[in-house]
Amino acid sequence: MERRTFLNFTILSGAALALEGCGNPGTQLVRFIPEEDLVPGVAVLKPSVCAMCSAGCGIQVRVMEGEAEVVRNGQFGIVKMGLAKKLAGNPEHPVSRGKLCARGEAGLQVAYNPDRIQHPLKRSGQRGSGKFTQVSWDEAIEELLTHLRPLASAHESKSIAFLTRPQRGQRAVLIERFLSGFDGAAWVRFEFFDDGVLRKANQLSFGYEQLPTVDLGHSGYVTSFGADFLGTWNSPVAQSAGYGKMRQNRSGVRGKFVQVESRVSQTGANADEWVAAHPGTEGLLALGIAHVILKEKLAHAETAGAAGALIEGWREGLPASSPEAIAWKTGVPPETITRLAREMAARSPAVAIVGGAPLAQTNGLFTALAVNALNALLGSVGKPGGLEFTPEAPLPAAKAGRDNSGEGKSGSVRALAQQILSGQPRPVEALLLHEANPVFATPLGWRVKEALEKVPFIASFGSFLDETSRLADLILPDHSFLESWVDDVPESGTTQSVVSVAPPAMRPLYDTRSLPDVLLDLGHRLGGHISEVLPWKSYEEMLQATLAPLAHHDGSIKTKDGGEFWNKIQEQGGWWSAEATAAPKAKAAASHFNAMKYQEAEFAGSAGEYPFYFLPYASQLFYDGRHANLPWMQEIPEVLSTGMWGTWVEINPRAAATLQIEQGDLVEVASPHGKVRAPVLLSPGIAPDLIAIPVGQGHEEYGRYASGRGANPIKVLAPQVEPTTGALAWAGTRVSITKVGKGELILLSGGPTQWSQEKIAR
Amino acid sequence: MAHRWGMAIDLDRCTGCEACVAACHAENNIATVNADQAAKGRTMHWIHVERYWEGEFPNIRARFQPVLCQQCDAAPCEPVCPTYASYHNPEGLNAQVYNRCIGTRYCANACPYSVRYFNWFNPAWDKPLQLQLNPDVSVREVGVMEKCTFCNQRILAAEIKAKAENRELQDGEVKPACVQSCPPTAMVFGDLNDANSQVSRMAGSVRATILLEEVGTLPKVIYLERESSHGNE
Ligand code: SF4
Ligand code: SF4
Ligand code: SF4
C-alpha cells in the first residue's frame, strides 16, 4: 500500500491543458515524478491472469511507457508510468498456451473503462438512486467497521453475507477465513451460467466434483451435447487449441465432430454433423446411443463402471431406450442414432461432452449422468483423446482454494434472497458485494432485488455501478485485475496441476484498493479470530507465504530456495507440474445414490399459450452480460448474426412466416413470468419451435456503453430449478411471440453473400 | 532474398470465435464508432468473420471465413489513388500512407473484397480509453482511408531485432496480432519466398484456395478449405 509518491510541483498550464476535462475541479494539473524507470518505446512483457471468465488463462501484458492522469494520495495529476497496451496469451501457461479469446483481449477496456469508480463513495440519495458522494478511504473503512464490528462479536444473532462471482486460489482462502470471524456468515458465489449440475454429475460418475478437461487434440470423434466449448463454455481457449489439432494435425486423421442442440451455436456451426434434438431430450439421446452400442456388443456394460450403475436399466442394456422408442421424443431419426453409435464405437478415441442448455433443465442432472455413462462406455475417461480431470494443486487441502463445492452457483443467490426476506435462520444485517450482478441475472421470481433492498447495510467492492451495486450504501472500489496481484488455480483446461500467480502488471490509476488488501486490513482492525487466521500485512505477503510449499514439488520451477522460487514464479506467471492423468475414482461417490431414470424436462408455461421453447444463450462477446460495458465487445459483430450494439430475437424463417413476422420487426417475447421487446432476426439455424435471445444486453445501469441498450432475456425466465443442485433451469421456460411494431437491427452483413473461392491452380 | 509476406488461414480450424477481430482492434488502434454509425455501415473492422449459412433446418450448417485485406500483388486499390496513398511497399505489401490520403475513397470502391474503411469522423476515445493505444501504430484522422497492414509494425520490429542480432528471421517469428491470438491456430503468417516456411507449405496444400481468383488480384492470403467428415470413414 505504501507507495512512495513524490510530488514535483511543476504546475502545467496553457498548452499542457490540452489534457483538461478530466473531471479535475481545478484548472491546474500536477505532474508527478515517474514511478518507474521505463525506456520510452520499448515494450516489457509481464505475466498476469485473465479475469474475464472462469477459465483462468495465463496472459502476457505488453507494458509501455505512457502518460496517464492518475490519483496519488488524493491528488489528481499526470504521471509517466508503465501502461498495459495489449494482452496476449502467455505461451508458457498450460491453459492458454499463448492464445487468447475475444473477451480476454478486451480486458484492457476494463482497466481503462471511463465508467470505473475512481475512489470510495458513500450513498447520498435514496438507496438505488445512484447518488453518491466521494469519501476518503479512512472514512470508508471506518464506516464499514462500524457495521462489521458488532457482527464479529461472538453470539451475535444477526450475520453477514458476502456475494461474489466464483473465486479460486488464495482469494477464495482469504474470503473464507475472513468470513470465519462472523457467526453464520454466508458466502454466495453467483454465476448465471451455472456448471453446478455438471460438477455434481462428475462427482457421482467419476469421483471428481469439477469440470472436465477434454483432450480434443487426440480425439477421433467428438460428440457435444449442447456445450459451446469453442465459445463460452468451460475453458474455451484450451478447448479451441485442442479442436484445431483434432481437425488438422495428424496426417490422414481428421476427427469428426457432431453437435447436438436445437439452435446452431458458434460451436455447433463447426460440426460435421449437426443433430437437432428437442430441448430436454439430450440425455435420452445419449441413452439411445448407448443402447445401440450395448445391443450390438460394441462395448460391455461393465466398462462404464460406476457411471453406468447410476442409470436405471444400464446392465440390462437400456431396453426402454431403443432408437425407435426414443426417436419421436428426441426428434432424431432412429437411423441417425444407430449410425452415430456405430461411428463412435468405431472411431476411438471417441469422447462426449455435455454442457450449457441441456443441463439447464429440470432433468439436467440426469442428462449429465447419461452422457457421463456414455463416455465411460466409450472408454474415454482418463484416456488420451477423452475426458480428464486437472490434478489438484499440491497445496494443503483446503488451502488450494479450489473448493469446487462452493464454485459459482445460481441457486445460492435464491437461498440468500429467501434468507433475507424471511430472516431465517438469521437475519442478514450486512451484505458485502464484489462484482456479482444477480439483480440483472436472476429471474424476477427469485425476488433478489426486493431482498437486497431490505438488507440494512450493503458495501460493494466492485469497479462499476450496475443493477446490483447501485443498491450499495458504501463503495470501496477494487483495482482492475491488471493493477492487482492475481492468482488462480484453474479447474480444467489442462492435465497439469497449475497455480497461477503474478504481480500487478501496472500501477493503479485511481484511488482504489485491491479487495484482498482491504479484507486483510479490515481483519487487523477487527482483531481477534480474524486477525489470527489472516496474519499477513498484505496480499503479496500472503501469496508468498501460502505458495512457498510449491517449491518442494516437482514442477516448472527448479529451485528450492524460497526467495528465488518467489522471483521465478512471478516471472513465469505461475507454477505447474508435469502432465498427469487422473483416472476415474472407482465407485466414485455413487454408492449411496439411487440409479436414475429419464424423466421429461418440465417447462414453465403451457404449450398452447406459449408455443415456443425459449433459449437465452451465453453471448460470444458479453458472456453473461458482464462485458456489455466494453465498447470493443459492443461493436465486434457476434459471428452468427453479425449483430452489433443491440439485442435480437432469433426465430426460424418458416415459423416467422406463419406468424407474418419479418426480419427487423419489433416483437414482444412473453412467458408467464415476464416479457421483453427486441427486433427479429430470421435465423435458419434455429428449430421452428424455439426462440432464442443472447444474454448480455438490457442493462438498466452499467456505464455509458451498455445502459439502456437492448433487452435482457433473463427477465422472461421462470424460476425453474434443477432439483438436486438448485441450479437455475434457464432453458426451461416457454414463450409466445407477438409483433408490436418496427425495430432496428444493426448487422454487419447485409445478406447471404458468398465469396467465390477458387482452388489455386498448379 | 526479400521477404514476401503471406498468410494462410485454415478454414478447417477456424471456429468463428472473433478473437482475431478483437486482437486487431487492440493492436492497431482501430476506433469503435457507435450504434448509429454502425447502423450506417461505418464500423472499421480491418478483419471480420463472414458467416455463410448452408442448407435448411435441420440439415443446416454455417461456415466461417475471416476476411482481411488480401494484400494483392495486383492490387486494384493502388492505381486508382490520385495521391499514391495506396501503394506497394518494397516487401510487396499494400500499404496506406495516411498523410497522403485525401479521402477520395476510389480505392475502397476498387477493392473487390470491401476491406478498406473510411474515417467519417475524427476517431475519439472516451478518457481514459486512449491509454490503450499502441504507440507503435499511428492514429488516423477524419477523411482518411485505413485497412489491414499485416501488422507491419510487428514485421518491422522483428526485422530490426534480427538485424541487430545479426541473424535471419526465423519462420514464425513475425506474428500479426490476429495470428497470435487465434485459439485454434487457424492462421499462419510467414514468408512466401521461403519454400520451407509453414505458410508456403500450407499454400501448397490441395485445400489451398484464394478469394475471387477471377478478378486477378493475386492475393497473398491463402484459405485452406474446410473439410467434412461424413459417415464412418
Ligand atoms: S477463455 Fe477468454 S475470457 Fe476466459 S480466461 Fe481465457 S482468455 Fe480470458
Ligand atoms: S484486398 Fe483490397 S485493399 Fe487489400 S490490396 Fe487488395 S484491393 Fe487493396
Ligand atoms: S481467431 Fe482464428 S478461429 Fe477465431 S475467428 Fe479468427 S481466424 Fe477464426
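Below, all heavy atoms of this structure are taken into account, side chains as well, without hydrogens, waters or symmetry copies. Below, chain A is the first sequence line, B the second, and so on; all start at residue 1.
- Only the side chain of A:L108 comes within contact range of chain B, with heavy atoms under 4.5 Å apart.
- Considering every non-hydrogen atom in both A:P114 and B:P128, the closest pair reads CA-CD, 3.8 Å.
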Could you walk me through whether B:T32 and A:W632 pass the side-chain contact (heavy atoms from CB on, under 4.5 Å) check? CA-CA 7 Å; B:T32 46; A:W632 285 338; 3.8 Å; yes
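- Interface summary for chain B: among A:R704, A:R709, A:R247, the most heavy-atom pairs under 4.5 angstrom belong to A:R247.
- Once rounded to the nearest 0.5 Å, the distance linking OG of A:S683 with CZ of B:F57 reads 10.5 Å.
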Run the numbers on A:K99 and B:T185 for side-chain contact (heavy atoms from CB on, under 4.5 Å), then give the verdict. CA-CA 9 Å; A:K99 301 301 184 176; B:T185 318; 3.5 Å; yes
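- The choice from A:G66, A:A68, A:A241, A:A84 that makes the most heavy-atom pairs within less than 4.5 Å of chain B is A:A241.
- For A:L745, no part lies near chain B; criterion is any non-hydrogen pair under 4.5 Å.
- Only the backbone of A:N113 comes within contact range of chain B, with heavy atoms under 4.5 Å apart.
- When each of B:V21, B:V49, B:N34, B:L133 is checked for heavy-atom pairs under 4.5 Å with chain A, B:N34 comes out on top.
- By the ring pair (Phe, Tyr, Trp, His ring centres under 6.0 Å) test, B:W5 pairs with B:H3, B:F189, sequence neighbours left out.
- Annotation: side chain of B:Q180 is not in contact with side chain of A:L100 (no heavy-atom distance under 4.5 Å).
- Between chain A and the options B:A23, B:C20, B:A38, B:P135, heavy-atom pairs under 4.5 Å are most frequent for B:A23.
- Heavy-atom minimum distance, A:S240 versus B:P183: CB-CB, 3.5 Å.
- Contact of B:D10 with chain A is made through the side chain alone, with heavy-atom distances under 4.5 Å.
- Between chain A and the residues B:A26, B:P58, B:G55, B:A177, the most heavy-atom pairs under 4.5 angstrom are made by B:A26.
- Distance alone, capped at 3.5 Å, places no donor-acceptor pair between the A:Q634 side chain and the B:A35 backbone.
- A 4.5 Å side-chain heavy-atom check between B:R13 and A:N249 finds at least one atom pair inside the cut-off.
- Considering all non-hydrogen atoms of both residues, B:A22 and A:M633 come closest at CB-CE, 4.4 Å.
- A:Q248 has its side chain within reach of B:E227: a pair of non-hydrogen atoms, C-beta onward, lies under 4.5 Å apart.
- Residues passing the side chain to side chain donor-acceptor pair (under 3.5 Å) test with A:T267 are A:D228, sequence neighbours excluded.
- The side-chain heavy atoms of A:Y112 and B:D126, taken from C-beta on, include no pair separated by under 4.5 Å.
- Heavy-atom distances place the side chain of B:H45, and not its backbone, under 4.5 Å from chain A.
- With rounding to the nearest 0.5 angstrom, the OG1 atom of A:T642 is 8.5 Å from the CD atom of B:E50.
- Looking at B:C14, only its backbone comes within 4.5 Å of chain A, counting heavy atoms on both sides.
- The shortest side-chain heavy-atom distance between B:L129 and A:Q109 falls under the 4.5 Å cut-off.
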side-chain contact (heavy atoms from CB on, under 4.5 Å) between A:E635 and B:V33: does it pass, once the steps are laid out? CA-CA 8 Å; A:E635 198 159 296; B:V33 287; 3.4 Å; yes
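- Panel note: side chain B:E27, backbone A:K86; no donor-acceptor pair is recorded below 3.5 Å.
- Within a 6.0 Å sphere centred on NZ of B:K175, other residues, nucleotides and ligands contribute 12 heavy atoms or fewer.
- Between B:D12 and A:R254 there is a salt bridge, since a side-chain N of the basic residue sits under 4.0 Å from a carboxylate O of the acidic one.
- Counted by atom type alone, A:R62 and B:N134 present one or more donor-acceptor pairs between their side chains at under 3.5 Å.
- Proximity to chain A is absent for every atom of B:A186, based on heavy atoms less than 4.5 angstrom apart.
- Side chains of A:P637 and B:E18 form a contact here, defined as non-hydrogen atoms less than 4.5 Å apart.
- In terms of heavy-atom pairs under 4.5 Å with chain B, the best-connected choice from A:A271, A:G89, A:G231, A:G242 is A:A271.
- Side-chain atoms of A:R654 and B:E56, non-hydrogen and from C-beta on, do get closer than 4.5 Å to each other.
- Counting heavy atoms from C-beta outward, B:D136 and A:M64 have side chains that approach closer than 4.5 Å.
- Taken to the nearest 0.5 Å, the CG atom of B:L131 stands 6.0 Å off from the NZ atom of A:K85.
- For A:Y705, the ring pair (Phe, Tyr, Trp, His ring centres under 6.0 Å) test picks out no residue, with sequence neighbours left out.
- Near-neighbour residues of residues 115-125 of chain B relative to chain A, defined by a heavy atom under 4.5 Å from a heavy atom of that chain, are none.
- The heavy-atom pair separating B:T15 from A:N270 by the smallest distance is O-ND2, 3.2 Å.
- If you measure heavy-atom distances from B:V179 to chain A, the contacts under 4.5 Å come from the backbone alone.
- Looking at B:N59, neither its backbone nor its side chain comes within 4.5 Å of chain A, counting heavy atoms on both sides.
- Interface remark: of the candidates A:A106, A:P684, A:A276, A:P684 forms the most heavy-atom pairs closer than 4.5 Å to chain B.
- Using a 4.5 Å cut-off between heavy atoms, A:Q259 makes no contact with chain B at all.
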Run the side-chain contact (heavy atoms from CB on, under 4.5 Å) check on B:W53 and A:L640 step by step: do they pass? CA-CA 9 Å; B:W53 289 112; A:L640 285 162; 3.8 Å; yes
